[in-house]
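Working notes for the structure below.
Every number for a ligand or one of its atoms is a count from 1 in the order of the listing. This is a predicted model, so every value here is computed, not measured. Note that the numbering runs from 1 along the sequence shown for the chain.
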Amino acid sequence: MKTYLVTGGAGFIGSNYIRYMLDRYGDSIRIINVDALTYAGNLENLADIEKLPGYRFIRANITDRDAITAIFAEHDIDCVVHFAAESHVDRSIKNPEIFVQTNVLGTAVMLNAARAAWEDRDGTYAEGKRFLHVSTDEVYGSLEEDGGYFYETTPYAPHSPYSASKASSDMLVKAYVDTYHFPANITNCSNNYGPYQFPEKLIPLIINNALNGRKLPVYGDGKNVRDWLYVTDHAKAIDMVMEKGRPGETYNVGGHNEKQNIEIIHIILDVLREKLPGSDPRRAYINEDLITYVEDRKGHDRRYAIAPDKIKSEIGWEPETMFEEGIRKTIEWYFTHEDWMEHVTSGAYQNYYETMYGPA
Ligand code: NAD
Ligand code: TDX
């Protein structure tokens, strides 16, 4: 039976990945979710999973070397899927240091602990050991509006403290591959969206603000382009890279769903109007008047886009969910999970952790 150590599994992508894996493999795998439960980690994201026999949660900070080493000592880990990170660009502009601590030092701790547990005396690793580092397309910098894509060979050119910290962590993984023949892969993914995304990111923020009649903040001219990937498609890509990826390789994961931010906002408003019943009072205020242009993000990357050719040809993965379908599924999820949004925006879930586990 394979045992996966998933870091950051209480966050947006990590919780969707754990659900995907337990749906797909059931009792034939074990998942140990290691998460510090920062503001972005929410055990409500896994409420339907916490009692499954193959699942276990451990609260630990990835920068805590002793705690991480103890987890490797206690469990025979086959695969690490490393999601844990500070993930929000705007927060990194305000407070870069925590991004270096978690994303760079935390990744170093994870790599060291995995290597110490896995490496044989002759410098080899048992069959089946694999460390998958989940990274971002933002490490490649920014593309021109009128063309080009990020490829695995594109030079790194991060601009924000967030992307600089992710680029640094990628470099550490590459150094482990080159120096210790460490069995790792890196996936660099485009913008994800879907259920359980924290409403600081564009799509859930716009859905939540519109439903509450609040302004919809658009940075700059609203024409920055992101390449949107439905989160379950990303979970499937990670599973396939873990199964079929060549050790040491990087795979870019993208949605072929490029959209300007302002287009996203118009689509969300259209779908909200389409989905809300005629009698719903919110229909009165959900309209384009809510759109408000605000000061641009500092160092705002203009365009991200991935051509996922390598992962398609080597591994057979392709994005399956087109944006028009994915955004409908996402909005329906937020409609049926108003309690989740209420707990997240009020901070109620964090009070619960303090009671359960003490201060972070
Ligand atoms: P998220 O912010 O929703 O979740 C991050 C999780 O990591 C939370 O559960 C948090 O509690 C945990 N965490 C943070 N610091 C920790 C620490 N020091 N120790 C242990 N746990 C800690 O992030 P996400 O959007 O789910 O992103 C997951 C990963 O995917 C990140 O590495 C991010 O860089 C990468 N990524 C995200 C996107 C995206 O669009 N969201 C796209 C590409 C790559
Ligand atoms: O209120 C907003 N108004 C706005 O115009 C917010 C929150 C964002 N934006 C713009 C900025 C970006 O151009 O929307 C775009 C998307 O912004 P975010 O949702 O903050 O995502 P982004 O900065 O592109 O980064 C995301 O994708 C890559 C994730 O947060 C990263 O973790 C991931 O690596």
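- Ligand 1 has a nitrogen or oxygen under 3.5 angstrom from a nitrogen or oxygen of F12.
- Remark: the backbone N or O of E258 is not paired with any side-chain donor or acceptor of R303 at under 3.5 angstrom.
- Between A36 and ligand 1, at least one pair of N/O atoms sits closer than 3.5 Å.
- Ligand 1 has no N or O atom lying under 3.5 Å from any N or O atom of V34, backbone or side chain.
- Between T38 and ligand 1, a contact under 3.5 Å exists for at least one N or O pair.
- Under a 4.0 Å heavy-atom criterion, V134 is in contact with ligand 1.
- Of the possible polar contacts, one joining the R19 side chain to the N45 backbone as a donor-acceptor pair under 3.5 Å is found.
- Under the 4.0 angstrom criterion for non-hydrogen atoms, T7 is not in contact with ligand 1.
- Contact annotation: the side chain of P53 approaches that of D27 to within less than 4.5 Å [non-hydrogen atoms, C-beta and beyond].
- One distance of note links CH2 of W340 with CG of N42; it measures 6.5 Å at 0.5 Å rounding.
- Residue N61 has at least one N or O atom closer than 3.5 Å to an N or O atom of ligand 1.
- Judged as a salt bridge (charged side-chain N to carboxylate O under 4.0 Å, His left out), and not counting sequence neighbours, the contacts of E274 are R328.
- Residue S87 has at least one nitrogen or oxygen atom sitting less than 3.5 Å from a nitrogen or oxygen atom of ligand 1, judged on distance alone.
- Polar contact check, N191 against ligand 1: no nitrogen or oxygen pair lies under 3.5 Å apart.
- Checked against a 3.5 angstrom limit, the closest N/O atoms of E86 and ligand 1 fall outside it.
- Contact residues for ligand 2 (protein heavy atom closer than 4.0 angstrom to any ligand atom): S87, H88, V89, T136, E138, Y162, N191, E200, K201, L202, L205, P217, V218, Y219, N224, R226, N261, R297, H300, Y304.
- At least one donor-acceptor pair closer than 3.5 Å links the side chain of S165 to the backbone N or O of Y162.
- In this pair, F182 and Y125 present their aromatic rings perpendicular. The plane angle is above 60°, beyond the 30 to 60° band.
- The closest approach between G9 and ligand 1 stays at or above 4.0 Å for every heavy atom of the residue.
- Counting the atoms of ligand 1 from 1 in the order shown, those under 4.0 Å from a heavy atom of A10 are 9 (O).
- Comparing heavy-atom distances from atom 34 (O) of ligand 1 across Y196, F83, Y162, Y193 singles out Y162 as nearest.
- The closest protein non-hydrogen atom to atom 32 (O) of ligand 1 is K166 NZ, 2.6 Å.
- Looking at atom 5 (C) of ligand 1, its nearest protein heavy atom turns out to be A85 O, 3.5 Å.
- Using 4.0 Å as the threshold, S15 has no heavy atom nearer than that to any atom of ligand 1.
- The shortest N or O to N or O distance between N42 and ligand 1 is not under 3.5 Å.
- Atom 27 (O) of ligand 1 has I13 CD1, 3.8 Å as its closest protein atom, hydrogens excluded (heavy atom only).
- Here the rule is side-chain hydrogen bond (donor to acceptor under 3.5 Å, both in side chains) with S135, and of T250, D170, T187 only D170 fits it.
- Note that CE of M341 is 9.0 Å distant from CZ of F198, once rounded to the nearest 0.5 Å.
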